[in-house]
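Proteins get letters first, then strands, A, B, ... in listed order; numbering begins at 1 in each. Nothing here was measured: the structure is a model prediction, and the numbers come from that model.
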2 protein chains.
Amino acid sequence: MNKKPTIRDVAKQAGVSPATVSYVLNDVKKVSDKTKAVVLEAIEQLNYFPDFTAVSLSKKKSNLIGIMLPIIEDSPASVFKNNLYYNEFVSGVELVARNRKFDTMITGVGDLDECKNWIMKRNIDGLIILGMFPESLYNELKNINIPIALIDTYEDYTNLFNNVKVNDEYGGYLAAKHLVELGHRNIAFVATNLAMSPVDRKRYQGFEEALKEAGIQPSSKFIFETHDITFEDGAKVGKELLSSDHGITGIVTVSDVLAIGMIKAIQQEGKQVPEDYSIVGFDDLSICKYITPSLTTIRQDIFEKGKLAADQLVNAIESLNSEQKTIEMPVELIVRESTRSL
Amino acid sequence: MNKKPTIRDVAKQAGVSPATVSYVLNDVKKVSDKTKAVVLEAIEQLNYFPDFTAVSLSKKKSNLIGIMLPIIEDSPASVFKNNLYYNEFVSGVELVARNRKFDTMITGVGDLDECKNWIMKRNIDGLIILGMFPESLYNELKNINIPIALIDTYEDYTNLFNNVKVNDEYGGYLAAKHLVELGHRNIAFVATNLAMSPVDRKRYQGFEEALKEAGIQPSSKFIFETHDITFEDGAKVGKELLSSDHGITGIVTVSDVLAIGMIKAIQQEGKQVPEDYSIVGFDDLSICKYITPSLTTIRQDIFEKGKLAADQLVNAIESLNSEQKTIEMPVELIVRESTRSL
DNA sequence: GACCTCCGGTTAACCGATTAACTTATTACT
DNA sequence: AGTAATAAGTTAATCGGTTAACCGGAGGTC
């Protein structure tokens, strides 16, 4: 392969200065149509395209947007292994980013410094942060002057950062209300970690509200927590729930993945869904339709969420739109086979 | 935030030249321990770390490895939406890359030029290519002198590129043999596209061999093809198979995702798995254990595959290991509930 | 003492773009 | 006609590092 041509090669070929080539490339109005044509011809002939590394260095803009995913402590191994949620979200981001000429880099982040360095090192132009990180991160982030979009966050940073979230409270409400309307009274709530996850808390608030509306007294006995969001965790909490039965007939979970794991555990213990337990997931992952019984769930459009986040972020980067804003996406109850009337 | 310190700031602070700082940073032996200590102290004080963009430009090395995923033509929208396989693979790559101080960039590639540009633009140090692309790509790739690892490819490029694959033929063989041993005679083979996919062809070869061994004449009537690998495609081909029934009782698929879609379609038509149809998947995605019936499948360790690919690639980049090599990973039959003895 | 070799550093060119400042030719205006 | 404004380029510094080439001094050898 002959070496990649540089802007100077193009300039020589076209008989102009490198600056002129650069102006053509960047659509600066200084260049006459005639010269522009000559330059474009040379670019074509040499099959030239600019080196982004050099562009980044001199423009101090990388055309790179970063996605930070939390790493659960005891599985730092896999950033998004098994996690269908991340999967769909990232796809949405990638799509919009590509269309808008940005590349996407993903990192799983344990250590905070590692993350800050990553942003600075690579001259990331904008950052999407999924899920919760320790509070100190957000404080640090204030000092980094690149646009940031926070996804699924409830801390008091919404005036500082862009935000995309879902109406979690209403989601929890819809799920519980659905079960209540089907006649269930003893309804469990399965979260990952209420203390740590504001998203889970919001969903629980909605859940509680629906119960109260129906005159049911919420009880902490009906709250179950897992550590991570995996099928295995779901199965584990499922067994737990079965053995500590308080007459539970309905289950609201914060994730389809957990719900799927729970269904399996329930079946393995010789019980049936929805005959013995009605269960509602959250997210509406594409797998939901394909398990047996298919999963009743609270739908959120994760793919769309990714697209919105990317769009919001790129707008901010190109400051088409400088003030921070929060987008709240709707949720919707999707009734399938995993719930039934008592 | 005060501006990010540069190497010249550090040099000034330490009272040495920028070159010396660079040598310290790169562990070049020229620097005395005393000076080194002074420089490190200055680095610490200023909280300095090198700008990768600048490093990339001057070293012509980006510490970036690229992953190219094929985009199916009519779903260019989503690079790896729904695709649990990509998911696990990419996680493996990301893990190893991060440990070895590389960042990972992912792109879905429709257009070839787009891809070539991407590699050049970003100064990608090494490339992992998943799945099949048009032949012309590989010819182009020969001219790009960065290490490349091809995953799941059977074209005649194995001497030019690194390679990680799975023993697909044996996988197909195992799946078919399992069904044969259970007494099945009319066994369908469900592929995406035999003409296009060498991987599918290999698996089919093994499949055919097992049939022949058992004295069963393979017939093209038992071959079904989908377009893409999605649950929906699986369901569609499932309906097709049911309506064109040639007394089929066993099904071998090239993907768990297709198998899961098929199972749903079969159930929806009022038939049962494994009572009416025994079905074998391929991959052993984590979801397999959690559907009902749980899926008998040919296991390959996709996560490990990603790790191996990344390791191989980084070795090549750092030329610890310059000759190209092919790694073939084993497969294994995992018997679960979706197959039964006739 | 003359010569050579290391050692530990510095200088400055360079990677491939961008862009502020400058130049020159042309057009516009009074 | 004289001056200002504009159009169309060029020059050269710069982004933040790397690294080949150079350099002075200490130590070793004969």
Nucleotide of [options] approaching [X] most closely (side-chain heavy atoms):
X      : options                   : answer
V55(B) : dG17(D), dG16(C), dA20(C) : dG17(D)
T20(B) : dT10(C), dG17(D), dA12(D) : dT10(C)
S58(A) : dA17(C), dG17(D), dT18(D) : dA17(C)
S17(A) : dT11(D), dG16(D), dA17(C) : dT11(D)
R8(A)  : dA20(C), dG16(C), dT18(D) : dG16(C)

Check whether any side-chain nitrogen or oxygen of [X] sits under 4.0 Å from OP1 or OP2 of [N], and answer yes or no.
X      : N       : result
K29(A) : dA8(D)  : no
T53(A) : dC15(C) : no
T6(B)  : dG16(D) : no
T35(B) : dG8(C)  : no
S56(B) : dC15(C) : no
Y23(B) : dG17(D) : no

Exercise for review: Evaluate the side-chain proximity of D152(B) to K305(B): yes if any heavy-atom separation is below 4.5 Å, no if none is.
Suggested key: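 Contact flag for K305(B)/D152(B) side chains = yes.
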
Point to revise | Pairwise side-chain contact, N123(A) with L64(A), heavy-atom cut-off 4.5 Å (strictly under) | key: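 No, their side chains stay 4.5 Å or more apart.
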
Point to revise | Bend angle of the helix from dG1(C)-dC30(D) to dT30(C)-dA1(D), from helix axes over five pairs at each end, nearest 10° | key: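 Between the first-five-pair axis and the last-five-pair axis there is 50°.
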
May I ask you to say what [X] touches in the nucleic acid, namely base, sugar-phosphate or nothing, with a heavy-atom cut-off under 4.0 Å?
X      : result
S32(B) : sugar-phosphate
K60(B) : sugar-phosphate
V28(B) : nothing
S22(B) : base

Taking [atom1] from [X] and [atom2] from [N], how many angstroms apart are they, rounded to a whole number?
X      : N       : atom1 : atom2 : answer
N26(B) : dG16(D) : CG    : P     : 18 Å
L57(A) : dG16(C) : CG    : P     : 12 Å
I7(A)  : dC14(C) : CD1   : C1'   : 16 Å
F52(B) : dG17(D) : CZ    : C1'   : 12 Å
D51(B) : dT14(D) : CG    : P     : 18 Å

Exercise for review: Examine the base of dG9(C) for any acceptor or donor lying under 3.5 Å from a partner atom in the side chain of K30(B), and report the outcome as yes or no.
Suggested key: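 Side chain to base: pair found, below 3.5 Å.
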
Review point. Which distance, rounded to the nearest 0.5 Å, do you find between the NZ of K12(B) and the CG of L46(B)?
Key: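 The CG atom of L46(B) is 10.5 Å from NZ of K12(B), to the nearest 0.5 Å.
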
Check your understanding: Could you give the distance from CZ (F89(A)) to CD1 (I151(A)), rounded to the nearest 0.5 Å?
Key ->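 Spacing of CZ (F89(A)) from CD1 (I151(A)) equals 4.0 Å.
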
Review point. Between R100(B) and D311(B), does a salt bridge (Lys or Arg N to Asp or Glu O under 4.0 Å) hold up when you go through it step by step?
Key: CA-CA 9 Å; R100(B) 299 188 65 172; D311(B) 244 329; 2.5 Å; yes

Exercise for review: Check step by step if salt bridge (Lys or Arg N to Asp or Glu O under 4.0 Å) holds for K307(A) and D301(A).
Suggested key: CA-CA 10 Å; K307(A) 295 201 318 196; D301(A) 194 334; over 6 Å; no

Exercise for review: Take R122(B) and D103(A) through the salt bridge (Lys or Arg N to Asp or Glu O under 4.0 Å) test and state the conclusion after the steps.
Suggested key: CA-CA 10 Å; R122(B) 294 284 183 195; D103(A) 284 320; 2.7 Å; yes

Review point. Taking only residues two or more places apart in sequence or in another chain, which ones pass side chain to side chain contact (heavy atoms under 4.5 Å, CB included) with N99(B)?
Key: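 N99(B): side chain to side chain contact (heavy atoms under 4.5 Å, CB included) contacts with L95(B).
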
